[in-house]
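Remember, predicted model here, so these are calculated numbers, not experimental data. One is the number of the first residue; the rest follow in order along the sequence.
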Amino acid sequence: MCEFCLKHGEGRKWYLQASNYSDDLLSDIRRRKFIEEFFTKSDEIEKYIGRLDQLARAPAIVRAVVARFITARSKKTHFGQVVPIEDIEQIFGFVNSITRVACFCRHITLKKEKRYCYGLSLSPDGGKLGQIINGLDKSFLGGPDNLALEKLTKQQAIDAFRDHEKEGLCHTVWTFYTPFIAGICNCDRADCLAMRCTVTHQIPVMFRAEYIACVDPDRCTGCRGCMRLCQFGAISYSAANQKAVIDKTRCYGCGICRSLCPTDAIHLDKRADVPAAAELW
Ligand code: SF4
Ligand code: SF4
């Protein structure tokens, strides 16, 4: 279990606790202000990411100190975790409102509207989170086109997530002042700022999943389809065996590699049951 499961999930998966999605948490004025400011400060976030590139050239001791600070601060305010589709379906099982919005990261990195983010609420009408997003007016991602909130049924949402997997996007839950979970994003390393920060710059702002992938060599035909999807460089190909091999120290447990496997050769194990990965978050 990751530390959030212990702190915010009473020893169970924290992102499966309905209380962490509740409107009650949005009664906190500080949290509400954080959300409003988050979506209207793309320029500042862009500069911040530029500074991370500079940090990569700094001495190791400086990088280590800054990384600890960023991770500790992010855990309090805006932190994520990779979640496989089975657990996404469980989340969709108890939330009452799923709203698709433009991705903030792609707005910054691609200057494009890409609807890869899903706001979640326990209220059928989107609750206070919907009010906040609606209240952002034209400042939200820079234009009125983004304001048409798109409500999805649970089935529409899960179908969309399966399509995102085939695009190579992994699912991640996000807090807005921990432990409040505002939604789920669909990320890749090229365009998602949190993945860049975590994987490229080695400054964790999201946990790995509670799972880890494993290849059944008897089923693997060596087609290499799974390798195309892994955002974390965790899959290699054994030329001698003509099979895919997963590096358990690199696997984030997103499970999206399964979506292109023609023989169902990949399954997820519990991270806690795999000694090489149990303590890797
Ligand atoms: S090998 Fe691990 S990190 Fe890579 S796609 Fe599969 S589950 Fe995700
Ligand atoms: S997609 Fe499946 S069959 Fe193809 S290499 Fe990967 S694990 Fe093996």
Side-chain angles (χ1 to χ4, degrees), residues 13 15-16 21 39 78-95 97-121 126 129 133 141 145-146 148-175 181-200 205-213 224-235 246 251-262 264 266-268:
K13 290 173 191 147
Y15 53 78
L16 294 182
Y21 299 78
F39 285 107
H78 186 55
F79 208 76
Q81 183 166 25
V82 173
V83 178
I85 194 113
E86 298 89 331
D87 286 2
I88 296 288
E89 284 189 273
Q90 287 195 56
I91 295 169
F92 288 164
F94 63 78
V95 298
S97 169
I98 305 169
T99 305
R100 182 154 58 182
V101 296
C103 171
F104 190 60
C105 288
R106 274 73 175 208
H107 171 69
I108 293 173
T109 55
L110 299 176
K111 311 290 182 211
K112 287 182 181 169
E113 179 182 309
K114 291 286 180 183
R115 292 184 170 238
Y116 287 142
C117 296
Y118 296 72
L120 303 174
S121 172
L129 182 64
I133 295 175
L141 298 188
D145 285 350
N146 300 293
L149 300 182
E150 188 186 357
K151 285 275 176 66
L152 272 69
T153 65
K154 295 177 184 188
Q155 190 57 51
Q156 285 171 331
I158 202 70
D159 289 346
F161 271 60
R162 291 198 189 284
D163 288 344
H164 294 326
E165 291 205 346
K166 293 199 173 76
E167 292 177 78
L169 305 178
C170 80
H171 322 304
T172 51
V173 295
W174 288 96
T175 66
I181 299 171
I184 305 174
C185 298
N186 287 279
C187 306
D188 61 11
R189 192 162 160 184
D191 305 321
C192 171
L193 300 176
M195 276 182 70
R196 271 198 213 170
C197 194
T198 301
V199 184
T200 306
V205 294
M206 62 185 199
F207 294 122
R208 300 178 187 213
E210 303 287 337
Y211 305 91
I212 195 142
R224 308 191 211 193
C226 52
M227 293 173 69
R228 293 209 308 274
L229 289 189
C230 184
Q231 298 291 328
F232 303 96
I235 310 178
I246 294 179
C251 176
Y252 270 61
C254 64
I256 63 170
C257 47
R258 297 173 298 177
S259 66
L260 281 190
C261 181
D264 288 333
I266 306 175
H267 66 272
L268 294 181

| said: When you compare the side chain of R258 with that of P84, does any pair of heavy atoms fall below 4.5 Å? | reply: yes
| message | I want to check something: taking the side chain as every heavy atom from C-beta on, are C192 and Y116 in contact at a cut-off of under 4.5 Å? | response | no
| request: State the SG-NE2 distance between C187 and H171, to the nearest 0.5 angstrom. | output: 10.0 Å
| query | Just by modelled atom types, is the V95 backbone N or O under 3.5 Å from a matching donor or acceptor in the K154 side chain? | reply | yes
| task | Nearest 0.5 Å please: distance from the CG atom of D191 over to the CD1 atom of I108. | result | 11.5 Å
| message | Working to the nearest 0.5 angstrom, can you tell me the gap between L120 CG and I98 CD1? | response | 6.5 Å
| task | For H78 and T175, indicate whether the former's side chain and the latter's backbone hold a donor-acceptor pair under 3.5 Å. | result | yes
| message | Is it the case that over 12 heavy atoms from other parts of the model lie below 6.0 angstrom from the NZ atom of K112? | response | no
| message | Nearest 0.5 Å, please: how far is OH in Y118 from NE2 in H164? | response | 3.0 Å
| query | Looking at W174 and M206, what are the two nearest heavy atoms and their distance? | reply | CH2-CB, 3.8 Å
| request: Enter the distance from T198:OG1 to Y252:OH here, rounded to the nearest 0.5 Å. | output: 6.0 Å
| said: I'd like to know if R115 pairs up with E150 as an ion pair, taking the criterion as any Lys NZ or Arg NE/NH1/NH2 lying under 4.0 Å from an Asp or Glu carboxylate oxygen. | reply: yes
| Is there side-chain contact between I184 and F92, with at least one heavy-atom pair below 4.5 Å? | yes
| said: Taking salt bridge (charged side-chain N to carboxylate O under 4.0 Å, His left out) as the criterion, tell me which of E89, E86, E167 meets it with R162. | reply: E89
| said: Quick check: do Q156 and K151 have side-chain heavy atoms less than 4.5 Å from each other? | reply: no
| query | At their closest point, which heavy atom of C257 faces which heavy atom of I235, and how far apart are they? | reply | CB-CD1, 3.8 Å
| request: Check the pair V173, I91 against side chain to side chain contact (heavy atoms under 4.5 Å, CB included), reporting the backbone distance first and the verdict last. | output: CA-CA 10 Å; V173 295; I91 295 169; 4.0 Å; yes
| Pairwise side-chain contact, Q231 with V199, heavy-atom cut-off 4.5 Å (strictly under) | no
| Heavy-atom closest contact (E113 atom, A102 atom, distance) | CG-CB, 3.5 Å
| said: I want to check something: taking the side chain as every heavy atom from C-beta on, are L193 and T109 in contact at a cut-off of under 4.5 Å? | reply: yes
| query | Can you tell me how far CZ of R228 sits from CG of L260, rounded to the nearest 0.5 angstrom? | reply | 5.5 Å
| task | State, to 0.1 Å, how close A213 and I246 come at their nearest heavy-atom pair, and which atoms those are. | result | CB-CD1, 3.6 Å
| Within the distance-only criterion (no hydrogens, no angle test), does the side chain of Y21 pair as donor or acceptor with the backbone N or O of Y15 below 3.5 angstrom? | yes
| query | Just wondering, do V83 and T172 contact through their side chains at under 4.5 Å, heavy atoms? | reply | no
| Minimal non-hydrogen separation, L169 against R106, with atom names | CD2-NH2, 3.6 Å
| query | Does R100 reach the main-chain N or O of C117 with its side chain, forming a donor-acceptor pair under 3.5 Å? | reply | no
| said: Just so I know, are the side chains of T99 and L129 near enough to count as touching, which here means a heavy-atom distance under 4.5 Å? | reply: no
| message | Give me the atom names and distance for the closest heavy-atom approach of G168 to L229. | response | CA-CD2, 3.6 Å
